[in-house]
Amino acid sequence: MSQIKVRFAPSPTGNLHVGNLRTALVNFLFARKTGGQFMLRIDDTDTERSTAAFEERIRADLQWMGMAWDVEDRQSKRLGRYDAALAQLRAKGRAYACYETPEELTLKRKAQLSAGRPPVYDRAALMLTSEQIAAFEAEGRQPHWRFRLEDDEVRWYDMVRGDVAYQMSSLSDPVLMREDGRVIYTLASVVDDIDHGISHILRGEDHVTNSAAQIQLFEALGAQAPTMGHMALLAGADGEGMSKRLGSMSIAELRNNDTEAMAIVSLLARIGTSDPVLPTADMATVIDGFDITRFGRATAKFDTAELSQVNAKIVQKLPFATVVERLEAAAVGGGEPFWNAIRDNLSYVGEAVDWWRICTQPITPIIDSAAVTNAAADLLPRGDVEASIWKEWTNAVASASGAKGRGLFMPLRLALTGCQKGPEIAPLLAFMGRERVLARLRGETA
RNA sequence: GUCCCGUUCGUCUAGGGGUCUAGGACACCGCCCUUUCACGGCGGCAACACGAGUUCGAAUCUCGUACGGGAUGCCA
């Protein structure tokens, strides 16, 4: 049994969105679950669109999400390997030079399309005479290189889709090298996977035709193709496809939105599977429960409302120690007692700020029942207000005003916090202080 | 246009000819708990895209239609 090794291979041409991130996560979880290695490979062969800034953002996002990679590499450092692989393919007659310009190819495609034929490359370059080639060269044209596909059926057992068969005759011979000598992803990816000993390729189903062609490429280079797995893509809540080219929800956006990384992990690890989404703050638990065979073939909808619910469940269980720095950074005081008083009612950690303000900054109280709030003001025990006075105090207010249940507590809640819902009030008293409590009960802004 | 893939409760899905009056999870609704909100516990509502066919019998098999996604790049 050879070593399991998977890779996440983003191109630094945009920000990670939830779809990309799910691919990364699935690879990460698969590696951790199987004791294999997780590699980060920067696919930066598209030099026109790749930027260092995007790359930094990708790394930051992965780290923030808790996906540490064991090894990394980048394609721009391995250019010589791709040239060598192309030479090898030429020697075997599997790579051939083409002289069409991009414009000519576009024209050809349009003609095929309007004639009702599939836009498959016609292999005209294979028919070129040496005179024609000489003429092109004299013109100053440099060739781009294509991989000659075998016209048979490529089959593989896909980890998520089961048996897959692909008719290669409906595919164009893929370009491997550009006219200017820069390698194309199709070749670079296969060479890297071979050299790095990648054992499993887990990616989105937008890559299935790539995989079909690449399986032949692996074989042409004398290697065995890794085990493949193509996950159904994610769609937005409205059913729209998700693509970095369409500018979908980025991770940075979610992060700014105060979403817990583990909420995203919890959802992404289970969406599209038959297992229930389990809000968990512990990556080890997610790894433990991960099973690649649970993923279905249908496109699942990623709903931010569901993410928000998962986030809330996680936040409500977060121990003070894990949020202390964030609370301090947001100028939320009160320490652990305050956090414990409010966390059960939070959906996002950032809401702690709102409650801290409500307790310590002036608010305009809402007087819903003056009878209750006046009685409460009159009956407030002497000395410091704190949680321990609550029971006795509210009992006294109840018997003085005749109010009880919701009729008793809602007026108090509205006067003291200005809100209809929120954490239990008793433990909040101490943070408000006696003067503020009294003033608010009397309807004064305090 | 062509080629792949998909379509079961609001959502994620189980299901691979009779055990399905279709199961679970989340959401929603209700009840209980709490003399308030939330949490928690219990219960309820709710789905096989459509049409043919095969079969004694179809959510399950076949074909077609519709809708959706993907691919069809000298992008990844």
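Every chain is numbered from 1 and lettered A, B, ... according to where its sequence line falls, protein lines coming before strand lines.
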From C-beta outward on [X], which listed nucleotide comes closest to its side chain: [options]?
X: A/P119; options: B/rU36, B/rA27, B/rG1; answer: B/rG1
X: A/S172; options: B/rA27, B/rG73, B/rC5; answer: B/rG73
X: A/S274; options: B/rC39, B/rG70, B/rA14; answer: B/rA14
X: A/K301; options: B/rU7, B/rU11, B/rC37; answer: B/rU11
X: A/Y185; options: B/rC74, B/rU36, B/rA76; answer: B/rA76
X: A/L233; options: B/rU13, B/rG70, B/rC74; answer: B/rG70
X: A/R178; options: B/rU13, B/rC74, B/rG70; answer: B/rC74
X: A/P276; options: B/rA71, B/rC74, B/rA25; answer: B/rA25
X: A/S11; options: B/rA76, B/rA27, B/rG6; answer: B/rA76
X: A/A300; options: B/rC12, B/rU35, B/rC74; answer: B/rC12

Subject >> B/rA76 base stacked by A/H207 (centroids within less than 5.5 Å, tilt under 30°) >> reply: yes
[N] and [M]: how far apart are their [atom1] atoms, nearest whole angstrom?
N: B/rC63; M: B/rC4; atom1: P; answer: 12 Å
N: B/rU8; M: B/rG68; atom1: P; answer: 15 Å
N: B/rU19; M: B/rA58; atom1: C1'; answer: 15 Å

Original post:
Is A/Y166 close to A/I215 at the side-chain level, that is, under 4.5 Å between some pair of heavy atoms?
Top reply: no
[N], OP1 or OP2 - any side-chain N/O from [X] closer than 4.0 Å?
X: A/T45; N: B/rA76; answer: yes
X: A/R109; N: B/rG73; answer: yes
X: A/K391; N: B/rU35; answer: yes

Original post:
Taking the six-membered ring for Trp, are the ring centroids of A/F338 and A/F431 within less than 6.0 Å of each other?
Top reply: yes
Original post:
Side chain of A/D61, backbone of A/I251: donor and acceptor closer than 3.5 Å?
Top reply: no
Subject >> Backbone of A/P226 reached by a side-chain donor or acceptor of A/W156 within 3.5 Å >> reply: no
Original post:
Hey, is the side chain of A/D275 pairing donor to acceptor with the base of B/rU13 inside 3.5 Å?
Top reply: no
Tell me: [atom1] of [X] to [atom2] of [N], nearest whole Å?
X: A/D173; N: B/rA71; atom1: CG; atom2: P; value: 20 Å
X: A/N311; N: B/rC26; atom1: CG; atom2: C1'; value: 15 Å
X: A/E48; N: B/rC75; atom1: CD; atom2: P; value: 7 Å

Subject >> salt_bridge(A/R74, A/E55) N-O dist < 4.0 Å >> reply: yes
